[in-house]
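Remember, it's 1-based here, ligands and their atoms both numbered in the order they're listed.
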Amino acid sequence: MDNATIADRLEAFSSLLELAEANPYTARAYRRAAETIRGTPVPVADLVRNGRVRDLRGIGPGIEGRLRELVETGEIAELAELERELAPDLVGLGRYLGLSARRSVDIARALGVRSAAELREAAAAGRLRMVPGIGPKIEARLVEALAQEPEPRAQRGLLLNRAWELAGAIAAALGGEVAGDVRRWRDSCEWLAVVCAASDARAALARFAELPQIVAIVEQHERRALGVTVEGVPVEIVAAEPERFGTALLRETGSRAYVSALEPVPDAPDEPGVYEALKIPWCPPELREEPFEGEPPALLELDDIRGDLHCHTTWSDGRASVEDMGRAARDRGYEYLAICDHTPAVGAVRGLTPDEVRRQGEEIAAANELLAPFRVLRGIECDILPDGRLDLPDEILAELDWVQASVHGGQRMPRPEMTKRVEEAMRSPYVRCLSHPTGRLINRRPENAVDLERVFEVALETGVALEVNGLPDRLDLSGTHVREALRAGVKIVCSTDTHSIRGLGNMELSVRTARRGWATAADVINTRSLATLAGDR
Ligand SMILES: [Zn+2]
Ligand SMILES: [Zn+2]
């Protein structure tokens with residue numbers, strides 16, 4: 001059993017625990033364990049067998065027990081039971097109706113139904129009012145909701161990397177294209193859609209229903225269907241007539257506001273054909289949030305990026321060495337990579353003392369001997385202390401090639417204090433970039449109370465760039481904030497903040513987010529050569 005399969009099962013378990021409204025900490029612990037396992041380079045099944053699995057971060061005796069069961073028997077019995085009990089399609093339909101998972105299951109039990117289709121039948125037959133707690137008013141609301149065309153919306157958006165994995169796999173299996181929020185690279189995807197060209201729609205929809213990712217069909221029409229995954233995520237499939245594929249793709253990509261401004265949308269077999277018939281230039285999906293007129297700019301491309309300026313190594317909480325990170329960045333075609341490990345104030349993980357920064361510098365110099373002309377830059381992700389001072393003395397910062405300043409602890413400060421704290425750090429002559437400027441974690445933590453307009457002013461004045469952090473749960477600045485920053489004349493940096501070699505690939509998430517903010521290559525510092533980069537500020 002490979003790591004991806006193990007991680008998928010743990011994730012499914014976590015989702016079902018959430019649906020079952022079990023202890024939220026347990027569900028979260030399983031989800032985190034799944035993430036760890038997905039990123040572990042060695043086979044986790046072997047670690048389980050030789051009793052080493054608890055060496056992995058976040059895996060305690062409880063999870064170890066489940067893992068042993070999974071590796072030895074190929075299944076987690078309680079997961080199989082929950083899957084039977086919770087009938088994910090019912091839960092999916094319940095979510096659409098605004099019912100909690102528990103309530104959906106209770107209603108299904110009271111009615112003796114086991115699927116979404118049976119629930120619909122029961123509702124149509126007027127049996128809903130037999131359920132304790134459902135009066136005529138609620139019944140009428142539910143029946144009305146069931147009768148309407150459903151809007152496929154997940155309760156909480158899926159992170160972009162996960163959404164691409166899911167929608168991309170479905171599109172590949174059906175020979176179709178990803179559409180919906182995912183194609184517009186929204187930072188949190190609620191509308192997952194796939195469009196395929198099919199003269200025989202029935203066959204295409206049947207293939208969709210049989211995909212391993214889809215556990216149930218909630219809605220079925222002539223050329224479209226709505227399925228749900230085991231996590232209860234709705235995915236829409238459209239089987240377009242080949243001569244209208246372009247039109248369907250445009251419509252299903254959205255946003256709804258953008259599409260409705262183009263109405264009537266003419267029929268064409270491909271998307272460029274639709275735009276041609278509309279007599280307007282093709283529009284990159286990232287810019288399709290709001291209708292707009294005129295020519296879209298030549299947006300930043302992934303190939304414009306010449307180096308990554310924020311990554312971690314085993315010196316702090318990363319998983320690879322300086323040399324391995326450098327080599328992997330060179331293999332990607334980059335010219336440079338800045339190693340930015342943490343400083344002591346970060347707290348939760350290891351941070352580098354001044355002495356360690358110097359010793360790391362020697363290791364970086366050695367790596368540069370091996371990797372030249374590629375350059376590993378001596379960088380740091382320096383904590384901004386609550387009073388705005390930096391976590392390393394100036395004489396150390398002065399030695400470095402690239403200094404990122406970051407707020408980590410104490411994020412709940414009131415706006416004036418937080419803004420002052422950040423401003424103070426940006427005024428250090430050594431700071432080149434403000435990391436994850438708002439501190440938000442998608443679906444988990446809101447933006448810090450920081451006055452971004454003020455941050456933009458200070459950035460313009462000091463020449464400090466603002467990061468577009470490519471971690472899938474950060475994407476910070478967001479597209480909207482990138483646009484505001486660029487309007488203020490501020491430069492941005494597209495970085496991954498990766499803690500692993502594989503994570504260097506998240507550069508695309510950063511670039512796409514910058515594109516959602518209308519960034520061109522000229523707006524982005526790390527599209528420049530090392531010589532130009534070093535001379536700035
Ligand atoms: Zn950070
Ligand atoms: Zn970092």
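- A cation-pi contact links R256 to W191, judged by a cut-off of 6.0 Å to the six-membered ring centre and 45° from its axis.
- The side-chain tip of R483 points at the ring of W518 from less than 6.0 angstrom away and within 45° of straight on.
- Look at C311 and the Zn ion (ligand 2): no N/O/S atom of the residue is under 2.8 Å from the metal.
- Residues L309 and A338 come closest through the heavy atom pair O-CB, 3.6 Å.
- When only modelled atom types and interatomic distance are considered, T527 and D304 share no side-chain donor-acceptor pair under 3.5 Å.
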Query - salt bridge (Lys or Arg N to Asp or Glu O under 4.0 Å) between R375 and E335, intermediate numbers included - result: CA-CA 6 Å; R375 269 294 299 282; E335 295 165 29; over 6 Å; no

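- Sequence neighbours left out, the pairs with a member in residues 432-490 that pass ring-ring contact (aromatic ring centres under 6.0 Å, His included) are H408-H436.
- For the pair NE2 of H312 and NE2 of H310, the angle whose vertex sits at the Zn ion (ligand 2) is 100° to 10 degrees.
- For CZ of R502, the number of neighbouring non-hydrogen atoms (other residues, nucleotides, ligands) closer than 6.0 Å is 12 at most.
- Listed by chain and number, the protein atoms of type N/O/S under 2.8 Å from the Zn ion (ligand 1) are E381 OE2, H408 NE2, H436 NE2; waters are omitted.
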